[in-house]
Amino acid sequence: MNAAASAPSADSLRAALAGLLDGLPPRQAAQAVERLIANYRGTTPTDAPVLRDRSDVAAYAAYRMPATFEAVRGTLDALRAAAPDWAPRTHTDVGGGTGAASWAVAEAWGDEPPRTTVLDWAEPALALGRELAAGALDAEWRTARIGGALKLADTDLVTVSYVLKELTAADRTALVKEAARAARTVVIVEPGTPDGYERIIAARTLLVEAGFTVAAPCPHSGACPIEPGKDWCHFSARVSRSSLHRQVKGGSLPYEDEKYSYVAATRFPPAPAVSRITRRPQIRKGLVLLELCGQDGLARDTVTKRHGPLYKQARDAEWGDSWPPEDEGRAGS
């Protein structure tokens with residue numbers, strides 16, 4: 001039985017990945033990952049897939065799939081909170097490669113996961129994704145050139161994770177517009193860097209212009225209140241580090257934090273957060289400082305012991321959470 005033949009989850013994905021590097025010398029795997037990271041950080045021509053063969057794909061999947069999975073899972077958690085009664089029946093994973101986002105989608109709607117189509121131009125990535133997903137995902141894997149000419153079948157959900165940077169500006173615009181035409185909900189995830197945030201803001205603008213409503217992370221669909229060049233909106237997901245992670249990056253911590261930016265937008269009315277925590281809460285003696293983005297822009301909220309149960313919830317709150325908690329709304333504070 002394939003190692004992935006169980007309900008999709010972070011644990012089952014790690015189990016499926018565990019055997020990928022069998023027979024590949026650790027030094028060769030580390031060198032492949034280092035080369036691929038350097039390539040992804042550079043300029044990738046849109047007519048040349050970065051993942052060339054199985055050894056490339058195996059090394060990069062073992063290294064990157066857990067981080068992509070956790071970033072997309074965090075994004076989907078926020079989407080589901082804003083649209084708790086909605087569930088996709090069909091899903092298209094654009095540029096999905098080995099399928100990390102598809103695993104996250106299948107886990108998010110685990111009772112009735114959608115039928116997924118994974119599109120990518122790297123056949124070695126699709127082949128390995130198909131192998132990993134055997135018995136775990138209801139998915140079809142198709143070769144497609146990801147760019148401005150891509151045409152999508154109508155679907156409930158489109159995910160585009162860690163793809164936009166690989167495209168030209170014109171192709172990015174065309175792809176987002178095509179996703180908006182084809183889907184009821186669009187989820188886009190990019191690295192949590194200033195340029196990743198810029199691509200997310202550009203995609204967000206296109207989605208709103210196409211008639212979508214932002215479900216997350218923003219509490220509204222208006223202009224982002226962050227001053228361009230001064231800051232950027234991003235979040236963090238904790239990822240268990242494999243031995244390959246430690247070999248490539250060094251260090252001994254059993255985890256690392258994946259920084260990501262995202263937008264989730266829908267063609268139906270969602271219930272976005274009243275506000276969202278945009279930085280790690282600062283816990284001080286007797287109080288918690290929360291950096292927030294709300295319908296009126298950026299703000300700081302100070303929660304003290306005098307707020308009773310809300311104080312404990314503030315101490316337990318995490319970067320990226322909605323605020324205030326649904327059961328503890330507080331007027332005028």
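In this chain, residues are counted from 1 in sequence order.
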I'd like to know if the side chain of [X] and the backbone of [Y] have a donor-acceptor N/O pair within less than 3.5 Å.
X	Y	value
W232	G192	yes
R300	L290	no
T68	M65	no
D321	E318	yes
D156	R89	yes
D171	G147	no
R73	A101	no
R172	G148	no
S275	W323	yes
R115	T90	no

Salt bridge (charged side-chain N to carboxylate O under 4.0 Å, His left out) between D231 and R279: does it pass, once the steps are laid out?
CA-CA 12 Å; D231 201 355; R279 288 291 184 272; 2.6 Å; yes
Apply side-chain contact (heavy atoms from CB on, under 4.5 Å) to residues I226 and L298 and explain how you reach the verdict.
CA-CA 8 Å; I226 296 175; L298 303 176; 4.2 Å; yes
How far apart are the C-alpha atoms of Y260 and S161, what are their side-chain angles, what is the distance that settles it, and do they pass the side-chain contact (heavy atoms from CB on, under 4.5 Å) test?
CA-CA 10 Å; Y260 65 99; S161 56; over 6 Å; no
Hey, any chance [X] and [Y] share a hydrophobic cluster, counting ILVMFWY side chains that come within less than 4.5 Å of each other, even indirectly?
X	Y	value
V288	V274	no
Y262	Y197	no
I201	L207	no
V208	V176	yes

Using only heavy-atom distances, determine whether the side chains of [X] and [Y] contain a donor-acceptor pair under 3.5 Å.
X	Y	answer
T117	H91	no
D195	T193	yes
S261	E190	no
R284	Q282	yes

Flag the pair [X] / [Y] as yes when at least one side-chain heavy-atom distance between them is below 4.5 Å, and no otherwise.
X	Y	value
T304	T302	yes
L206	T173	yes
R276	F235	yes
W103	S12	yes
E258	P66	no
T266	L79	yes
L175	L164	yes
L150	E178	no

Are there over 12 heavy-atom neighbours, none belonging to K259, within less than 6.0 Å of that residue's NZ?
yes
D296 CG: over 12 foreign heavy atoms closer than 6.0 Å:
no
Can you see whether Y162 has R64 sitting over its ring - NZ or CZ less than 6.0 Å from the centre and within 45° of the normal?
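Checked: cation-pi criterion met.
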Output the distance between atom [atom1] ([X]) and atom [atom2] ([Y]), rounded to the nearest 0.5 Å.
X	Y	atom1	atom2	result
L126	T98	CG	OG1	9.0 Å
H307	D301	NE2	CG	7.0 Å
L289	L287	CG	CG	5.5 Å
R204	I188	CZ	CD1	12.0 Å
D93	L157	CG	CG	9.0 Å

For the residue pair W319 and H234, does the interplanar ring angle fall in the parallel (under 30°), tilted (30 to 60°) or perpendicular (over 60°) class?
perpendicular
Students often mix this up, so state it plainly: with edges at 30° and 60°, are the rings of F268 and W86 parallel, tilted or perpendicular?
tilted
Give me the atom names and distance for the closest heavy-atom approach of [X] to [Y].
X	Y	result
E107	A10	OE2-N, 4.1 Å
P114	V105	CG-CG1, 3.5 Å
L76	V187	CD2-CG2, 4.3 Å
A215	A82	O-CB, 3.5 Å
H220	P225	NE2-CD, 4.3 Å
R80	A108	CZ-O, 3.0 Å

Does E70 form a salt bridge (charged side-chain N to carboxylate O under 4.0 Å, His left out) with R238? I'd like the steps, not just the answer.
CA-CA 7 Å; E70 294 295 350; R238 182 140 295 182; over 6 Å; no
Which is it for I277 and L292 under the side-chain contact (heavy atoms from CB on, under 4.5 Å) test, yes or no, and what are the steps along the way?
CA-CA 5 Å; I277 301 171; L292 303 172; 3.7 Å; yes
Worked verdict on T185 versus R267 for side-chain contact (heavy atoms from CB on, under 4.5 Å):
CA-CA 6 Å; T185 297; R267 281 206 174 275; over 6 Å; no
Mind running salt bridge (charged side-chain N to carboxylate O under 4.0 Å, His left out) on R142 and D120 for me, showing each step along the way?
CA-CA 7 Å; R142 293 183 186 172; D120 203 276; over 6 Å; no
